[in-house]
Amino acid sequence: MFGNYLIGLREGLEASLVVCILVAYLVKTGHREALRPIWIGISVAVLVALGFGAGLEFGSQEMTFKAQEALGGSLSVVAVCLVTWMVFWMRRTARFLKSELQGKLDAALRLGTGALVATAFLAVGREGLETSLFVWTSVHAAGSDSGNTDPLIGAVLGLATAVFLGWLFYRGALKINLAKFFTWTGAMLVVVAAGVLAYGVHDLQEADFVPGIKNLAFDISSTIPPDSWYGTVLKGVLNFQPDPTVLQVTVWALYLIPTLALFFAPVGFAKSAGSTAPAAAAAKKDEGQKAVHEQGESADGGARGGDRTDGDGERLRDGARRAGSSTGGDQS
């Protein structure tokens with residue numbers, strides 16, 4: 001339940017912040033008439049996200065067992081890819097989200113009502129579709145189809161909390177460090193995504209898409225029974241399975257460890273490292289140009305010095321000729 005609550009909270013808060021930025025900007029700039037198209041776009045985005053989730057749920061019920069497992073496993077992999085991209089994108093661009101949205105809104109205001117609806121729909125719709133897909137795969141992994149509704153309740157509570165926090169942000173009644181919030185919730189979401197990915201691999205193995213279903217890494221079902229309260233907690237938070245296959249454990253580790261290492265690395269470290277060589281080359285180029293310039297100045301100075309030397313020699317020779325002429329005249 002906690003894992004799905006975190007998904008609903010994290011994804012819902014992003015969407016809530018987007019809505020707050022759009023509405024607050026229109027109100028402050030005196031464009032209240034544009035609020036109606038914005039709310040229309042937001043409503044359409046929510047309906048599309050709900051429809052997408054409902055389509056996944058009811059559409060999968062008409063499939064065979066292996067087809068359901070293949071669909072669930074495939075969508076789990078897709079959901080993990082989307083969520084991973086989302087947490088890295090938010091970590092990198094959260095500081096510029098407000099200015100980016102305001103720029104798009106200014107352009108939409110110039111284009112008209114349709115552009116406003118499209119801007120709100122695209123801004124919220126992406127978050128809604130990601131939420132629907134990830135919640136569905138997480139609920140499916142937790143086994144809600146067997147009557148356990150806790151994962152779905154957790155996701156709904158997370159979304160409700162996100163909407164409430166968004167309203168408090170808009171009213172100015174709540175201020176938190178969003179950078180730290182998105183960093184730590186993003187890290188926890190990566191842990192949840194690792195569990196979803198491992199379970200997705202298990203689904204693909206049950207569908208005979210991937211081999212190794214009987215090659216277990218370990219089996220601690222007697223120590224942590226799946227139906228115990230602590231087994232249920234581990235299942236809901238981490239998608240823990242007491243008898244995973246070797247491939248599940250391998251995929252889980254290969255995803256979780258590098259992803260968390262990259263996530264907690266300083267922002268832009270790769271860009272800084274990559275720009276070291278070009279910067280050094282540019283510095284060398286500047287030094288080379290400076291040296292050429294100095295050499296050119298030296299050459300010009302030498303040429304001017306040579307001109308002066310030649311001029312002095314000519315004057316000396318002229319003086320000697322005049323002196324010689326004067327002496328010859330005296331002797332005669």
Side-chain angles (χ1 to χ4, degrees), residues 4-57 79 82-83 85-87 89-90 93-139 152-176 178 181-182 185-186 189:
N4 291 278
Y5 177 83
L6 177 64
I7 295 168
L9 176 63
R10 166 70 189 235
E11 297 283 331
L13 187 57
E14 286 188 24
S16 297
L17 290 176
V18 168
V19 173
C20 290
I21 292 171
L22 293 176
V23 173
Y25 184 68
L26 290 175
V27 171
K28 289 181 179 180
T29 55
H31 292 93
R32 289 181 176 270
E33 73 283 355
L35 288 176
R36 188 169 179 271
I38 292 295
W39 286 116
I40 291 175
I42 293 171
S43 301
V44 173
V46 171
L47 291 175
V48 169
L50 292 175
F52 178 65
L56 289 175
E57 177 62 25
L82 288 175
V83 168
W85 172 82
M86 178 270 299
V87 295
W89 177 83
M90 178 56 73
T93 61
R95 294 173 297 172
F96 314 106
L97 181 63
K98 182 176 180 180
S99 59
E100 181 181 345
L101 286 173
Q102 289 177 351
K104 292 181 178 178
L105 200 53
D106 286 335
L109 285 169
R110 292 191 294 268
L111 293 176
T113 302
L116 289 170
V117 174
T119 300
F121 172 79
L122 293 175
V124 179
R126 180 179 61 85
E127 303 292 342
L129 291 176
E130 287 178 357
T131 304
S132 294
L133 178 58
F134 200 61
V135 166
W136 184 85
T137 55
S138 183
V139 169
L152 186 58
I153 293 174
V156 172
L157 289 176
L159 289 171
T161 305
V163 172
F164 179 68
L165 291 176
W167 180 78
L168 290 179
F169 277 124
Y170 179 76
R171 302 295 298 179
L174 179 65
K175 293 182 179 180
I176 64 174
L178 290 178
F181 174 83
F182 282 119
T185 57
L189 203 55

Asker: Search all heavy atoms of G166 against all heavy atoms of C20 and return the closest pair with its distance.
Answerer: O-SG, 3.0 Å
Asker: Do L157 and I153 touch side chain to side chain, with heavy atoms closer than 4.5 Å?
Answerer: yes
Asker: Would you call I40 and F121 a side-chain contact if the rule is heavy atoms closer than 4.5 Å?
Answerer: no
Asker: Measuring from atom CG of L116 to atom CZ of R36, what distance do you get when rounded to the nearest 0.5 angstrom?
Answerer: 12.0 Å
Asker: Are side-chain heavy atoms of V18 and I42 found at a separation under 4.5 Å?
Answerer: no
Asker: Answer yes or no: is there a donor N or O on one side and an acceptor on the other, between the side chain of S132 and the main chain of A49, under 3.5 Å?
Answerer: yes
Asker: In sequence, state the C-alpha distance, the side-chain angles, and the governing distance for L26 and R32, and then conclude on side chain to side chain contact (heavy atoms under 4.5 Å, CB included).
Answerer: CA-CA 6 Å; L26 290 175; R32 289 181 176 270; over 6 Å; no
Asker: Keeping S16 on the side-chain end and A162 on the backbone end, is there a donor-acceptor pair under 3.5 Å?
Answerer: yes
Asker: Under 4.5 Å between any side-chain heavy atoms of T29 and D106, yes or no?
Answerer: no
Asker: Output, in order, the C-alpha distance, side-chain angles, deciding distance and verdict of side chain to side chain contact (heavy atoms under 4.5 Å, CB included) for V124 and V44.
Answerer: CA-CA 9 Å; V124 179; V44 173; over 6 Å; no
Asker: Is there side-chain contact between I38 and V19, with at least one heavy-atom pair below 4.5 Å?
Answerer: no
Asker: Take L50 and V46 through the side chain to side chain contact (heavy atoms under 4.5 Å, CB included) test and state the conclusion after the steps.
Answerer: CA-CA 6 Å; L50 292 175; V46 171; 4.1 Å; yes
Asker: What's the shortest heavy-atom distance between G30 and E33, and which atoms?
Answerer: O-OE1, 3.9 Å
